[in-house]
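None of these values were measured; they are calculated from a predicted model. Chain identifiers are assigned alphabetically (A, B, ...) following the order of the sequence lines, protein sequences preceding nucleic acid strands; residue numbering begins at 1 within each chain.
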Amino acid sequence: MGQIETKKYTPKDFKSDQEIRWCAGCGDTAILNSVQKAMAQLGHNKEDYAVISGIGCSSRFPYYMNTYGFHGIHGRAGALASGVKIANPKLSVWQITGDGDAMAIGGNHFIHEIRRNIDVNLLLFNNEIYGLTKGQYSPTSKVGQVTKTSPYGNIDNPFNPGELVIGSQGKFFARGVDILLNLNIDIFKLADAHKGTSVVEILQNCVIYNDGSFAHLTGKEFREDRLITLEHGKPMVFGADKNKGLKLKGFDLEVVTIGENGNTIDDIIVHDAKNPDPSLHLKLINMQYPKYPVALGVIRDVDAPSYNDLMDESIKETVAKSKFKCLDDILYSGNTWEVK
Amino acid sequence: MGQIETKKYTPKDFKSDQEIRWCAGCGDTAILNSVQKAMAQLGHNKEDYAVISGIGCSSRFPYYMNTYGFHGIHGRAGALASGVKIANPKLSVWQITGDGDAMAIGGNHFIHEIRRNIDVNLLLFNNEIYGLTKGQYSPTSKVGQVTKTSPYGNIDNPFNPGELVIGSQGKFFARGVDILLNLNIDIFKLADAHKGTSVVEILQNCVIYNDGSFAHLTGKEFREDRLITLEHGKPMVFGADKNKGLKLKGFDLEVVTIGENGNTIDDIIVHDAKNPDPSLHLKLINMQYPKYPVALGVIRDVDAPSYNDLMDESIKETVAKSKFKCLDDILYSGNTWEVK
Amino acid sequence: MDKKPIIELDEVVIKFSGDSGDGMQLTGTQFSNTSALIGNDVSTFPDYPAEIRAPQGTVGGVSGFQLNFGHKEIYTPGDYADVLVAMNPAALRANLQWVKPGGTIIVDTDSFTDKNIKKAGCEESDPLKSSKFGDFNIIEAPITSLTKESLKDSGLDNKSIVRSKNMFALGIVYWIFTRPLEYTEQFFEHKFKKKPQILEANKLVLRAGYNYANTIEAMPSYRVNPAKIQKGTYRNINGNTATAWGFLAAAEKANMPLFIGSYPITPATEILQELESRKDMGVKAFQAEDEIAGIVSAIGASFAGNMAITTTSGPGLALKTEAIGLAVIAELPLVIVNVQRGGPSTGLPTKTEQSDLLQAVVGRNGEAPVPVIAASTPSNCYNYAFEASKIALEHMTPVILLTDGFLANGTQPWNIVDSKQLPEIKPRFFKGEGEYMPYARDPETFVREWAYPGMKGAEHRIGGLEKMDLTGNVSYVPVNHEVMTNKREEKIDRIVNVIPQQKVEGDADADTLVIGWGGTYGHLLTAVQELREEGHKVALSHFNYIRPLPGNTEDIFKKYKKRLVCEINLGQFAKYLRMIYPQYEYKQFNKVQGLPFTVTELKKNILKLINE
Amino acid sequence: MDKKPIIELDEVVIKFSGDSGDGMQLTGTQFSNTSALIGNDVSTFPDYPAEIRAPQGTVGGVSGFQLNFGHKEIYTPGDYADVLVAMNPAALRANLQWVKPGGTIIVDTDSFTDKNIKKAGCEESDPLKSSKFGDFNIIEAPITSLTKESLKDSGLDNKSIVRSKNMFALGIVYWIFTRPLEYTEQFFEHKFKKKPQILEANKLVLRAGYNYANTIEAMPSYRVNPAKIQKGTYRNINGNTATAWGFLAAAEKANMPLFIGSYPITPATEILQELESRKDMGVKAFQAEDEIAGIVSAIGASFAGNMAITTTSGPGLALKTEAIGLAVIAELPLVIVNVQRGGPSTGLPTKTEQSDLLQAVVGRNGEAPVPVIAASTPSNCYNYAFEASKIALEHMTPVILLTDGFLANGTQPWNIVDSKQLPEIKPRFFKGEGEYMPYARDPETFVREWAYPGMKGAEHRIGGLEKMDLTGNVSYVPVNHEVMTNKREEKIDRIVNVIPQQKVEGDADADTLVIGWGGTYGHLLTAVQELREEGHKVALSHFNYIRPLPGNTEDIFKKYKKRLVCEINLGQFAKYLRMIYPQYEYKQFNKVQGLPFTVTELKKNILKLINE
Ligand SMILES: Cc1ncc(C[n+]2csc(CCOP(=O)(O)OP(=O)(O)O)c2C)c(N)n1
Ligand SMILES: Cc1ncc(C[n+]2csc(CCOP(=O)(O)OP(=O)(O)O)c2C)c(N)n1
Ligand code: SF4
Ligand code: SF4
Ligand SMILES: [Mg+2]
Ligand SMILES: [Mg+2]
């Protein structure tokens, strides 16, 4: 994790000399900016960052970062990042992946990385489309969506990334939006602080093949009423007037207005991102507009040992106990005999 | 789906002429018996069954069934079964897979098959070990478990299969036990009736490499107290004396004794397998002994369109609307010209 | 309009080039469609960057569309352009080296701002004035401002107006080559049916460009007369569409449902896309979660009695390798299409290459023989997709069909091959008589019978473990493994009996035989023909059937003294030929630049060998 | 005990066979360990069914352990057995054909019940009385009942008692070959430390068998004197353990952490298992979710500066194909071990084969050159694992190491090669001086420099897209692609400069050269030696370096008139040689039965060619 002292970096230190090749207006560029800003504020040495990706528009990300970077093969970002982190746990590993890269071809590595809780910050750029291959539906595309491979409307029921994270026993899940830089930076800091797989889904607009997929949520005019930003320890309120909130009704969630029907701020659930039980987090993750606001921010942030730490400990322990100090000890151990 | 009339089959009709090659006492044999019994009672024609598997001890299953069968390659049972069902939706497709086959190498097909809700009965033989390769830990092995590849104890946090099913938006999940034939048969009938991916996890004892993994739950002496069999519409009671039950306490589950502390049968939750919201199902799936009894039976059984039906409908619709009746219509459509 | 003298030409190469956002692909397609419709033979080569939108104004962001059309038969999109349209300095810089001496260059002078010139990385501050231009006929047109001018009353916003400047350029070129505007106008009418404002604007700008060219003097007008090509009904087609349609044809002929299980990958995706669209013909198109699920679902569909295919490109073929082995041992029909692209790894994903040949032929674990077929023109992808399906279905085997990025995106007028012109396909289905023996074989072809779920009384189990001869039960008997291994090999070898004899084009009495395979056909044929026209003796034998090779291959090879194998790789077919016919010497000419051959370089290298 | 005359022998083959549950692997291992410890040379071949527990009593369920030990150097486990131990009728039936005429057969008569005889599928009702037995020296011992008898007071349950009958059989064989019991007794003491009852029982039964053999007359006693082998410290080792240790050695010599990312698969799993155990040496062993994650995590570890390997068998290598291409273009060190087994597809997973050669050499998309090395004895898996690592680390390239099921499970006494005897390994790390250019190369070897995360000032990006020469930035420049393709190829070709010259064993002046590669070495060498002893002129050139081939290969080939390539496949190395040296003719002898060659069949086929 580098030195304790905070390095004095500026976002510019994290910009590489390569020209950015995303379409003008692509959400990826905004996310790049927020990552560079966040990194300038975190405490790691620049040479300790490893930015790892698969293949997709989003996966070009490492080329624009002036850190160590590896643009892998399609779907394998999770396995690549896992190898990097296990090999050198001191590194700050950032995995950049798309909805196709992580959840189509890369689905297996995604769920296993999460279940193992490998200490990686996993940024999932969800644009609900395959961008790089020019617009086929992805495993997060909406039912009915018309794309290059669903000319008659998509019939493939989509994943909800956060839900799959819960199913994989994810310990950290957050949701950001490409254009909400400050929110993203806050999330990245918590993701960095979390030891384990920190999955951050970022709603990302693909201006070319799926423009406006999230516009009904993120439009400035109504954003406050359709999105709720959760913060650990804070009540779940939202709305332009901060007067709406979420309340438990039996086993269900209900949107109420504070000050109406006798609802006070005390009726509003206080967000507990640290609760190991995933069922309320699952409900929050699954909230859909218009019935509910869509949840942003860190929804789940539960402490649990990471695979890489357990591996390290286990190695330290067995090495300490071992009678073998070098290979020769092994070679000459057990049944050997001499021919003279 | 074959004819409506019920065929008069006996379990023997489903036994092939191949000698069973599982170890004596292997749970797989008991499951084989329950499947053959169930099939004899279901309404399909024998030739309409397709039994599809991957690779593993459990995946040898098709050889012992006198139906159409395909023993595939490791991890690909889900993709193979998906292809069979989409190609011919009239078939009754049974997928046989192990914890390694479905959740290690086959994890991606597993989650996608479930999210698509392909109409397959998916029997997951969970013995928490790789049997066929002689005893390495699997993605469901317990933390600390000593196996051939975890000589110092497993550090790999396991999946809970049902939880991953929920994360993949599974609409049907049940849990059986190899030796509980009647329970399994009941489950298989409901799985068969369910249109969509019916995932049945079967706790299966590997006598050679992981003997007794479930013995603390399934031992005759205490089985009734440590397991609860859920039935849709019935209260969640269990115990040798049928006097224990599950009650909601805020957002949590609690085990109570009926007749004690003022708890009556009316306090006990009535199981609603049909509730689309997965959060209570998730809690039930995640119940672990000793805090809770482990849930068996059909935990979730929610109606939703299957991919194969949607595909069929979509094809019918577009074919009906199409101006193309044969390829020649396409070849000569649009911009063509004649050279004379 | 037709006052000017018109010069008749045999063949013309045009390259439209501009920024990725400038609509050059559309412009090129319109020109080639119009040319084809008025009876020219045409060959096209779209060439675009790997990025969706590469940085504007840079050389890396240039998108090009080259086409060759003519009065005679056209086999390649041409090496060098007679006419270059350059919509900005970067396009000019990237393509100048590809313009014939004396060629015409049309530039949008409005785009030659200092900023753009710098972005393009030009050495000189005014590249249009550069001495390099001595040899060319430059048409400096203020295309952007004229477009704006002609649409000033259209009510459209500036962005939309500027976006239609490609039509101004097209109008100029239409006029130069005396093309009618009507086909493109019809296209607008269809495409912008719901946007009448845009429709009118496009028509207006196209005509403005046309009239502009007519108006300014010093501009020759050419006519390329219709080609003398075979009678028939034609349409323009690219390789990917042709491939998709070939499968539709095969399914129809075999009277079977068509199943495709695929995962998108450049440059193969369009095959999947076309077949997704053909749901309207009952196609079951399954966009899988990855390549493995693509092929395995197809194997499942084949087991269930569908005609099954899977489509991909290099890295995807690598992922499908294990499953191909399953289809081999299960002896189930399946066609695997591999649209080759630049490797290794992700390599040059939008560029063409022939470097997956050995992977296709021998790149599998175990002894896993698979027929390999390669298409050689955009339109014959149709025929070879059909052929691959026929072999798969009639011989119970997976078949690999190789095409490449050049064929996939290239277009060509195609003399439609309709159902009447195609042979029957007769899979060897179990008839339901007697006991079904899954691995009993036809004594001639070694092909087993096919029974699938739903057929009463033929219940059986198959799988990836070695199986007993005849019964198909799992068998570990050592000698049986050898028997089965040999039978699987022999089954594929015997396909030689049903494939056509290899042909030679050119001089039977030449010393030098040029050998090629797959997508290089047009270039090789043109090179050989031109050399022959220039008085050299030379012949070409171009392969479509790779494994097995046609039965007369050796007869052909032995007739020639010198053999030159030309490939877009480091020599994989040459290696393969040495494996099979080591008794002959094979010289090589190889190129690995992500680009097709040029006829020029081919001629140079062939000539060198002729003269050796 | 030593009253009887003792006959001295040079070499003996013993096969222990019984039901999968009968403990034959353990029995065989004990016998070979004891023999090795007293100074014999030994070669073993365990052979067991694919099922965990195949059906009891059937031929399919027979588990065998063959070993060859001797006074001279032993290269193979032997073709035919001098002594067969058959614990039941099925074992007898399965192995009778493999006993030498005049050989000794020890049977447990208690197991020859009607039921067992039927299960074994014997034709005659009393196979022990069969005329087939004329030639053999049969020892009919009531092993089960004598075992029971000797343990009747042990207090053990019947199941445990019967389970130890293998030790009775071992005792008999120990007596026949005058072996000491102490090593096996020590083994019991270690293994059953916590089960004193079992410990005593095993000792008792072993001795009972030994005494029984001593007691009954008519039984010769043999001595096989220690072999005259090289000085040194020895241990028994099998190929998989040797492979794992070779990597430990390399990591130690390179002074780097060792990372293995693998997924279990027969017969490669033991390498992973051994390295999981070597966590006590700091090994990072990652059991991945599948083969792809196995190799890709290893590539990640390599990027991060570890020495990384991945291990698998045929179908797993197929799955790793795409990722190997990534390591090729990224130019990162990585060793991929492929323990070959019977294919295609799942094939014969527990049997041996050499049929992944072409997949290893050319089975990748794009031009993706990779060095390929093959081990040839169980113990030299150690050396070649070390060599593969050295080449990978010093040449910045993935390397494929081929072994096979026969080597993996076979054992051999090994003259320990410790750290003093191994060369240094010096990866070309970036020294931190000057600007880091990821794709600048050593002018001699074409190897780039290695900088990894954590190194200050060398931050850079790599990936699967084609990269610009020197800088490594993404590049679509056509000519650069050709430059890089050629450099990658040339880099691998130049490894020829660091690998040893190819050797020839046997007669330099022979006409006939036998050619082999990988795991068949012992059999080929024995065959050639025996032929030479019988007066024939013949030589053997056995290959460990496949790509590149050693520099003097051609010189060797051209010296011989006739070349016979012997392989356990349909002729893949022969095809490969034709690809590289098409000027020579290669005859083939191939076998595809999931079994190693026999020396007998090799001699027959070599002799045929000699006499041609
Ligand atoms: C093995 C392999 N299969 C397929 C592809 C083609 N491919 C590249 S990116 C991509 C999907 C991109 O979608 P996503 O991950 O959502 O990224 P985005 O472009 O939307 O950011 C596909 C299918 C490939 N490069 N490699
Ligand atoms: C591609 C591939 N990788 C690995 C293997 C080896 N392998 C066969 S079965 C198996 C795991 C079996 O575990 P599981 O699926 O739980 O089945 P079980 O034997 O426990 O019933 C493995 C790793 C294989 N056959 N193919
Ligand atoms: S195609 Fe979409 S995701 Fe890709 S760069 Fe363009 S806008 Fe971004
Ligand atoms: S190894 Fe285990 S799972 Fe496999 S057959 Fe034996 S008991 Fe069953
Ligand atoms: Mg996407
Ligand atoms: Mg298992």
Region of [X] in contact with chain A, defined by heavy-atom distances below 4.5 Å:
| X | result |
| --- | --- |
| I285(B) | neither |
| P158(B) | backbone |
| F159(B) | both |
| M103(B) | backbone |

Residue [X] versus chain B: region with a heavy atom under 4.5 Å:
| X | result |
| --- | --- |
| L248(A) | side chain |
| L282(A) | side chain |
| Y307(A) | both |
| S168(A) | both |

Can any side-chain N or O of S333(A) pair as donor or acceptor with the backbone N or O of I330(A) at less than 3.5 Å?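 Side chain of S333(A) to backbone of I330(A): a pair is present.
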Leading residue by heavy atom contact count with chain A [cutoff under 4.5 Å; candidates G75(B), S314(B), G170(B), P139(B)]: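 Greatest number of close heavy-atom pairs with chain A: P139(B).
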Do the ring planes of F172(B) and H194(B) sit parallel (below 30°), tilted (30 to 60°) or perpendicular (above 60°)?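 Answer is tilted, since the angle falls between 30° and 60°.
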Could you verify whether a donor N or O on one side chain and an acceptor N or O on the other, from [X] and [Y], lie under 3.5 Å apart?
| X | Y | value |
| --- | --- | --- |
| N117(A) | N157(B) | no |
| S213(B) | E128(B) | yes |
| Q145(A) | N154(A) | no |

If you draw the axis of the six-membered ring of F173(B), does the NZ or CZ of R300(B) fall within 45° of it and under 6.0 Å from the ring centre?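 Verdict for F173(B): no cation-pi partner in R300(B).
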